[in-house]
Colleague: 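Structure incoming, see below.
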Amino acid sequence: MANTIQAVLKNNTPSSSAVYKIMSHRSDGQIMEGKGPKPTTETDKKIHFGHIIDSGEYNLRHSFDHTDELAFDFKRLSKEKPKNAEELKQQTMRILNANFRKMKLKLKEI
């Protein structure tokens with residue numbers, strides 16, 4: 001299957017050419033065919049937690065950007081289609097609260 005994927009992931013347009021090669025190893029220590037996981041060190045754990053923290057902050061920044069766009073859409077809808085704006089508001093409460101609950105947060109009012 002990997003050979004098929006490799007063949008699919010070729011870009012032969014006139015302006016650019018890219019070939020994706022099959023990896024012979026993984027950098028995250030996962031087991032590959034015939035190989036065991038790499039030994040874990042304290043540095044690996046620090047890098048791992050640093051990645052989780054960075055990922056959380058990255059997702060928060062993007063969440064803010066998209067929430068800002070959502071507020072813009074809501075404002076526009078509330079002028080042109082109030083019924084749809086109210087529906088969007090209720091959907092927003094349901095969706096955001098489902099995720100916020102995992103962080104012990106609750107959105108009470110929009």
Colleague: Going from OG1 on T92 to CG on L107, what distance comes out if it is rounded to the nearest 0.5 angstrom?
Modeller: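 Spacing of OG1 (T92) from CG (L107) equals 8.5 Å.
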
Colleague: Quick one: pull up NZ in K89 and CG in L77 and give me the separation to the nearest 0.5 Å.
Modeller: 12.0 Å

Colleague: Would a hydrophobic clustering, with Ile, Leu, Val, Met, Phe, Trp and Tyr connected at side-chain separations under 4.5 Å, put M103 with L96?
Modeller: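 Yes.
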
Colleague: If you count the non-hydrogen atoms of other residues, nucleotides and ligands that lie under 6.0 Å from NE2 in H62, is the total more than 12?
Modeller: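 Atom NE2 in H62 is packed in, count exceeds 12.
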
Colleague: With a 3.5 Å distance limit and no angle check, can you tell me whether N59 reaches the backbone of S55 through a side-chain donor-acceptor pair?
Modeller: yes

Colleague: I need the L70 CG to D65 CG distance, nearest 0.5 Å.
Modeller: 12.5 Å

Colleague: Enter the distance from H51:NE2 to D54:CG here, rounded to the nearest 0.5 Å.
Modeller: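 That separation rounds to 7.5 Å.
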
Colleague: Can you list the residues that meet the side-chain hydrogen bond (donor to acceptor under 3.5 Å, both in side chains) rule with E86, with sequence neighbours excluded?
Modeller: Q90

Colleague: Which atom names give the shortest non-hydrogen contact between K108 and M93, and what distance separates them?
Modeller: O-CE, 3.6 Å

Colleague: Could you work out, with ring-ring contact (aromatic ring centres under 6.0 Å, His included) as the rule, every residue matching H66, not counting sequence neighbours?
Modeller: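 Here no residue qualifies.
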
Colleague: Measure the CD1-CG distance between I95 and L88 for me, rounded to the nearest 0.5 Å.
Modeller: 8.5 Å

